[in-house]
Amino acid sequence: MMMFKTFTTIWVKPSIKKHLVIGAFYLFSSFTLFGQIPSYQFKKIRGVNPTAQLYFQKQLLSHSTTADFQLHVQVKEFDFSSKETFHFQAEIYVDRDSIIGPQLLYTYKISFKTQGFKSKQAHWEEMAKLSSQSLQSQFATWWKNNWDKDPHLIQEVRVEFLPDYVPKKLDLDTLFYGQKKLDWSDFVAKPYPGSRFAAQIFSNFEYHAAPRIERGILFLPIQVKVYMLRSSSWKKENLPDRALDHESTHFNITQKAANLFKEQIQQKKLRPLWYESELQWWFLDAYRWMNSTQKSYDDDTQHGIQVAEQEIWNNKFK
């Protein structure tokens with residue numbers, strides 16, 4: 001959101017009624033947008049004084065074009081605060097989604113010194129014209145400079161998955177998937193008192209995204225981290241190798257869940273206004289799959305006791 005505020009003076013020539021000469025501040029010009037700059041069109045205007053409604057509609061809504069974005073204008077202030085001063089304030093919204101609704105893009109505010117007005121009622125049309133022209137002129141400049149940066153105007157999301165995070169240096173507490181082969185030395189927590197299980201691994205995955213906007217495109221590099229926490233993983237004494245195989249397959253299932261998350265995102269086209277929610281949805285979906293699969297794995301193998309089932313799962317998640 002951007003706010004532009006300024007102050008200028010207008011006056012009336014005695015020889016020409018209802019004619020406004022605009023101060024040197026205003027050099028009205030039309031801005032033509034070239035190349036990849038998208039177009040916009042004002043579709044609705046609200047909050048206008050009924051006296052000036054028709055002129056505002058003619059000024060802002062008269063052009064019929066094919067636009068990339070449809071904008072709404074909300075007039076917040078349009079009135080003479082005194083015989084010498086006129087205030088105008090408007091907000092411009094972009095409306096791209098029926099659920100999210102209009103989103104504020106730009107706020108414009110200006111005050112005019114009105115010299116020579118004998119009656120303010122005779123000058124609604126002049127003030128509507130001046131206000132709408134100044135709004136159009138300043139917003140055209142803002143659009144030219146900000147259409148490719150404003151998050152409300154993103155036109156496309158491009159996802160890139162970076163290689164999974166696997167640092168070369170081993171951390172004292174966190175073992176990242178692929179750093180080394182899992183062994184019993186990675187289980188450093190104390191066993192839960194009274195637990196009927198021989199060992200337990202705490203494995204998890206997460207993702208990190210660093211979005212950037214360039215030329216109206218949101219580039220989204222994503223990196224996944226799959227890890228186990230040594231300080232939350234434990235074992236009892238004198239365990240056979242097949243018990244370690246059981247815990248290793250738990251770790252492999254976590255890695256598979258992370259891959260499923262990436263596969264789902266790669267198959268979808270993230271929507272510009274919803275990409276954060278959609279990322280989180282597919283992450284949670286993969287997370288639910290992981291928890292469900294981990295439970296099925298323990299149920300089928302009876303936590304590693306059923307040797308034949310254990311071998312099946314080991315081969316499934318190598």
Side-chain angles (χ1 to χ4, degrees), residues 159 161-209 222-268 270 277-318:
V159 177
F161 277 101
L162 305 176
D164 289 2
Y165 182 74
V166 184
K168 294 181 179 180
K169 185 177 179 181
L170 290 174
D171 185 84
L172 290 176
D173 185 49
T174 306
L175 175 66
F176 292 92
Y177 192 91
Q179 277 188 303
K180 73 176 189 66
K181 188 175 181 180
L182 192 69
D183 60 52
W184 285 127
S185 68
D186 297 312
F187 295 73
V188 300
K190 292 182 179 181
Y192 292 159
S195 175
R196 62 187 179 89
F197 304 127
Q200 179 173 295
I201 185 174
F202 182 96
S203 62
N204 203 0
F205 79 97
E206 60 189 56
Y207 73 91
H208 294 270
I222 299 176
Q223 187 171 53
V224 170
K225 297 182 178 182
V226 183
Y227 58 91
M228 63 89 70
L229 296 181
R230 293 185 172 98
S231 61
S232 298
S233 304
W234 56 266
K235 70 174 185 67
K236 294 181 179 178
E237 298 297 329
N238 303 319
L239 296 179
D241 289 341
R242 64 183 178 87
L244 182 59
D245 289 342
H246 181 79
E247 303 307 321
S248 296
T249 297
H250 274 301
F251 204 6
N252 291 342
I253 291 172
T254 303
Q255 171 67 16
K256 177 61 176 178
N259 288 338
L260 285 176
F261 165 67
K262 291 188 286 186
E263 290 169 9
Q264 290 282 14
I265 298 302
Q266 289 168 338
Q267 294 170 7
K268 308 295 179 182
L270 297 181
S277 298
E278 290 172 337
L279 273 178
Q280 191 65 15
W281 169 263
W282 293 118
F283 173 77
L284 292 175
D285 190 64
Y287 213 90
R288 286 189 291 266
W289 177 90
M290 178 183 70
N291 289 336
S292 175
T293 304
Q294 299 282 26
K295 184 179 184 305
S296 296
Y297 170 50
D298 276 334
D299 291 344
D300 288 353
T301 64
Q302 293 186 18
H303 298 273
I305 295 176
Q306 295 294 333
V307 177
E309 285 293 329
Q310 182 64 57
E311 188 65 22
I312 293 173
W313 280 85
N314 289 346
N315 291 329
K316 187 177 180 180
F317 292 97
K318 285 185 177 180

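All of these numbers come straight from a predicted model, not from anything done at the bench. If you read the sequence from its start, that first residue is 1, and numbering goes on from there.
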Distance-minimising heavy-atom pair for L182 and S248: CD2-OG, 3.6 Å
Mind checking the NZ-NZ spacing from K256 to K316? Nearest 0.5 Å is all I need. 9.5 Å
First locate atom OG1 of T174, then atom CD of Q179, and finally report the distance between them rounded to the nearest 0.5 Å. 9.0 Å
Of all heavy-atom pairs between R196 and H303, which one has the smallest distance, and what is that distance? NH2-NE2, 4.5 Å
Over 12 non-hydrogen atoms of neighbours within 6.0 angstrom of NZ in K180: yes
Suppose we screen for ring pair (Phe, Tyr, Trp, His ring centres under 6.0 Å). Which residues come up paired with F187, at least two apart in sequence or across chains? W184
If I take atom CD1 from residue I201 and atom CZ from residue R230, how far apart are they, to the nearest 0.5 angstrom? 10.5 Å
From CA spacing to verdict: side chain to side chain contact (heavy atoms under 4.5 Å, CB included), K268, V159: CA-CA 10 Å; K268 308 295 179 182; V159 177; over 6 Å; no
For A199 and L239, the nearest pair of non-hydrogen atoms, with its separation, is CB-CD1, 4.1 Å
Can you name the nearest heavy-atom pair linking R242 to G304, along with the distance? NH1-O, 3.1 Å
Considering non-hydrogen atoms only, spot the tightest contact between M290 and I253 and give its length. O-CG2, 4.3 Å
Sequence neighbours excluded, the answer for ring pair (Phe, Tyr, Trp, His ring centres under 6.0 Å) partners of F161 is none
Enter the distance from K262:NZ to Q223:CD here, rounded to the nearest 0.5 Å. 9.5 Å
In chain order, what residues pass the side chain to side chain contact (heavy atoms under 4.5 Å, CB included) check against I305, with sequence neighbours excluded? Q302
Any donor-acceptor pair under 3.5 Å linking the side-chain atoms of Y227 with those of E206? yes
Using modelled atom types and a 3.5 Å cut-off, is there a donor and acceptor pairing between side-chain atoms of T301 and backbone atoms of Q306? no
Which residue pairs pass the salt bridge (Lys or Arg N to Asp or Glu O under 4.0 Å) test with at least one member in residues 289-313, sequence neighbours excluded? K295-D299
Say whether T254 and Q294, considering side chains only, have a donor N or O and an acceptor N or O under 3.5 Å apart. yes
With H246, the ring-ring contact (aromatic ring centres under 6.0 Å, His included) member among F251, Y297, F317: Y297
State, with a plain yes or no, whether a side-chain heavy atom of Y177 is found less than 4.5 Å away from one of N252. yes
Looking at Q264 and D285, what are the two nearest heavy atoms and their distance? NE2-OD2, 4.1 Å
Can you name the residues that form a ring pair (Phe, Tyr, Trp, His ring centres under 6.0 Å) with F283, not counting sequence neighbours? F205, Y207, F261, Y287
Heavy atoms of other groups near N315 CG, more than 12 under 6.0 Å: yes
dist D186:CG -> S231:OG (nearest 0.5 Å) comes out at 11.5 Å
Can you list the residues that meet the ring pair (Phe, Tyr, Trp, His ring centres under 6.0 Å) rule with W234, with sequence neighbours excluded? Y192
Return the CG to CD1 distance between L279 and I265, rounded to the nearest 0.5 Å. 5.0 Å
For L244, is there any backbone N or O sitting under 3.5 Å from a side-chain donor or acceptor partner on K235? no
